[in-house]
Amino acid sequence: MAETEQITVATTSAGPGGTGEPGETVNLPVVELLTGRGFITGKSGSGKSNTASVIAEKLLDNGFGLLIVDIDGEYYGLKEEYEILHVGGDEECDIQVTEDHAGKIASLALEQNVPIILDISSFLDEEEAETLLTEVAKQLFAKAKKQKQPFLMLVEECHEWMPEKGSMGEVGKMLIKIGKRGRKHGLGIVGISQRPADVKKDYITQCDWLVWHRLTWNNDTKVVGRILDNKYADAVEDLDDGEAFMMNDWAEQVSRVQFHRKQTFDAGATPGLDDFERPELKSVSDDLVSELETISDEQQETEDRIKELREELDKKNSRIAELEAELQDARDLSRMAEQFTEAMVEQAEDYNPGRTEQEKMRRQRERFAEPSTSDGDADTSDEADGDADTDDEADADGPRDEQPPEPDETADATSGGGFGDAFSAFAEDGAVMNGGSTDEGAATNASSADAEPASNGHAENAAVATNGDSPDSSAAAVPVNGRTETDTAEADDDALRAAIAEAVEAEQSAEATEAVEDETPSDVDGPAADLRADIEELDRKTCRMLAYYREQGPGTPLNAHFSAGGSGDRTAAYARNRELRLRGLVEHVGRGKYDARLAALVREESDRGLDDEEVESVVSRLESAFLDGDSD
């Protein structure tokens, strides 16, 4: 292809602004046309689309490639005479395309010299149409750098992509880039618009050939006056259909010309009253379509896969929502259970498992010590003091509320010398004991006494030996609950003897312990006294927590607090445990558990080394401090 090759598109016409003789042919150089920048304008119906079609037909006649951006769907008529690939967004096209086809479209146009109509009129989504056009323009520009082959791109209604006012999108920026830099790569562009005043002036001023069809709007004619001359601005309003002023750099003059009528079907003509007859259009090679269909199939597979993944994601999201709802319900139930437990524990705040066990053991001792009764109630009258009468009522179904007398009071009442605990236990159970004479000067080892049983009001005499003396054989048995049989009296005597023996053993054990304590070196009394003072400063529940650690071994503050009669409140439990820890009475042993460290404290506070027996003796004395607190 030589640079002198030309195409004939029009003839000169007479009238204002014309030059030369009318009827002369007007030729355009092919290379300048394919690689240059052109602009065709004119109001609707003036013939601008016809001029673009004539240029396209002449290029197709000579086998040159081009791509037409059709915004109104009026160029498919070229298929009546030419095998041109029609791509777009509806079924009227040879194949439906998206932005994924942009690379293949550019390859077919430049590498295989396939003429293409890119019909974006059928896209309902303007953003989708703009994206497709942007990608095609980018691909054409990129491939033109490598191909270095003359190729023309015609863009209808270019004012929508390259507006004079307002912001310009990616499409306009890419078209401006092709207009400025495409020529050196062999890529030309022609902009077509019916509103020159609305087209970006940066584009118009760079064009090397322009065609002005009839314009009547004042703003548009002013553009003609600024670029051509004012005489053309007046004359442009009177141009006939298909007539135009043409200016180009290679002729360096303005000519008034009449463009030829296009030879193919005019799909852009205004419909009339006659029936519309669509011509038979030429089909393109199946190979061209199949290459694009492969992309469409891959795209469809991708879309289907994306749809499947989205459905799976929706299902998983729904399942996650269900699990979150179930988890929230479980948390609500757990919170309600905790609140219920706290409420129950608060009601039973004074409950102490240790005290309950002690109470159970005391009841067992009472049942062992008290004689059988038939009516469950007994009235006891004790005249051991000689100046007080006491009436006690014992409930057979529950423990007594009254506490036993203090040891010193029991000793005064019984004058039994060391048997006070035993006698007080029997007095608490309702049985009357008289260990001596009611006279002030009675001896502690008197062999007989007068007593009145409280079970049924009968008065009998019973002799009790407190120092190993045998009871008087003539004494009558004490009737209990109406029983006066000899075997009942003997059973009562046996029970009494066993209780006395137990009391004697306990008394001896206590005396032995006191003896050992008296033998403890004086340097042990100091730390023991200081530690005991620290323990006695603690409140009742804190003492009970220390007792729990000492008895049960390592445990959590919450369990120790609950055993001490506290609630399930973690704050209170750890506050009391902290007081024990700061005083050094307990230590952390791992996994949130604490243990008593009384033995270690005794060793630390002592001025000399103590053996294990001495340490255990001091610890035993310290235990009485917090165990006594348990009885408060």
Side-chain angles (χ1 to χ4, degrees), residues 67-73 75-76 79 83-112 114-144 146 153 155-156 160-161 167-175 177 281 283-334:
L67 184 143
I68 301 172
V69 180
D70 188 358
I71 195 173
D72 291 322
Y75 283 90
Y76 73 89
K79 290 175 64 67
E83 186 177 339
I84 184 169
L85 181 62
H86 185 200
V87 299
D90 61 14
E91 297 179 354
E92 297 295 331
C93 301
D94 294 325
I95 186 172
Q96 296 175 335
V97 295
T98 64
E99 60 179 299
D100 295 331
H101 296 82
K104 191 61 179 178
I105 291 172
S107 297
L108 291 174
L110 290 177
E111 297 173 4
Q112 301 185 34
V114 177
I116 299 174
I117 299 175
L118 180 60
D119 188 353
I120 61 175
S121 63
S122 55
F123 285 96
L124 299 178
D125 188 349
E126 293 184 1
E127 184 176 351
E128 184 178 359
E130 291 181 9
T131 302
L132 173 60
L133 179 54
T134 302
E135 291 301 317
V136 170
K138 288 181 178 180
Q139 291 293 333
L140 284 174
F141 185 81
K143 293 183 182 298
K146 300 177 181 179
M153 182 178 182
V155 183
E156 272 281 1
E160 294 191 7
W161 317 115
S167 60
M168 189 183 330
E170 291 297 320
V171 179
K173 293 178 181 179
M174 196 64 224
L175 296 178
K177 185 176 182 180
L281 305 177
S283 59
V284 296
S285 171
D286 293 337
D287 294 337
L288 297 178
V289 177
S290 63
E291 293 183 33
L292 294 173
E293 285 179 344
T294 301
I295 298 176
S296 299
D297 293 341
E298 293 176 355
Q299 181 183 12
Q300 187 62 43
E301 291 177 0
T302 302
E303 291 178 356
D304 293 342
R305 181 55 180 162
I306 292 174
K307 183 178 180 181
E308 292 177 2
L309 293 175
R310 285 177 177 173
E311 290 177 354
E312 292 180 6
L313 181 61
D314 291 340
K315 291 180 181 179
K316 290 182 179 180
N317 288 336
S318 299
R319 181 55 181 161
I320 290 173
E322 292 177 2
L323 292 176
E324 288 179 347
E326 293 177 3
L327 178 60
Q328 186 60 42
D329 292 341
R331 287 174 177 170
D332 293 341
L333 290 175
S334 177

Quick check: are there more than 12 heavy atoms from other residues, nucleotides or ligands sitting under 6.0 Å from [atom1] of [X]?
X	atom1	answer
Gln328	CD	yes
Leu124	CG	no
Glu308	CD	yes

Distance in Å, [X] [atom1] paired with [Y] [atom2], rounded so as to fall on 0.5 Å steps:
X	Y	atom1	atom2	result
Leu110	Lys143	CG	NZ	8.0 Å
His101	Leu118	NE2	CG	12.0 Å
Glu99	Gln139	CD	CD	11.0 Å
Phe123	Leu132	CZ	CG	5.0 Å
Leu133	Met153	CG	CE	5.5 Å
Arg310	Ile306	CZ	CD1	6.0 Å

For residues 311-324, which residue pairs pass the side chain to side chain donor-acceptor pair (under 3.5 Å) check, not counting sequence neighbours?
Arg319-Glu322

Check [X] against [Y] and note the closest heavy-atom contact, atom names and distance.
X	Y	answer
Ile84	Pro115	CG1-O, 3.3 Å
Met174	Ala137	CG-CB, 3.6 Å
Tyr75	Ile117	O-CD1, 3.2 Å
Val87	Cys93	C-SG, 3.7 Å
Ser121	Ile71	CB-O, 3.2 Å

Residues in side chain to side chain donor-acceptor pair (under 3.5 Å) with Ser122, at least two apart?
none

Checking side chain to side chain contact (heavy atoms under 4.5 Å, CB included) against Ile116, which of Leu85, Val136, Asp94 comes through?
Leu85

Do Tyr76 and Glu92 have side chains that approach each other closer than 4.5 Å (heavy atoms only, starting at C-beta)?
no

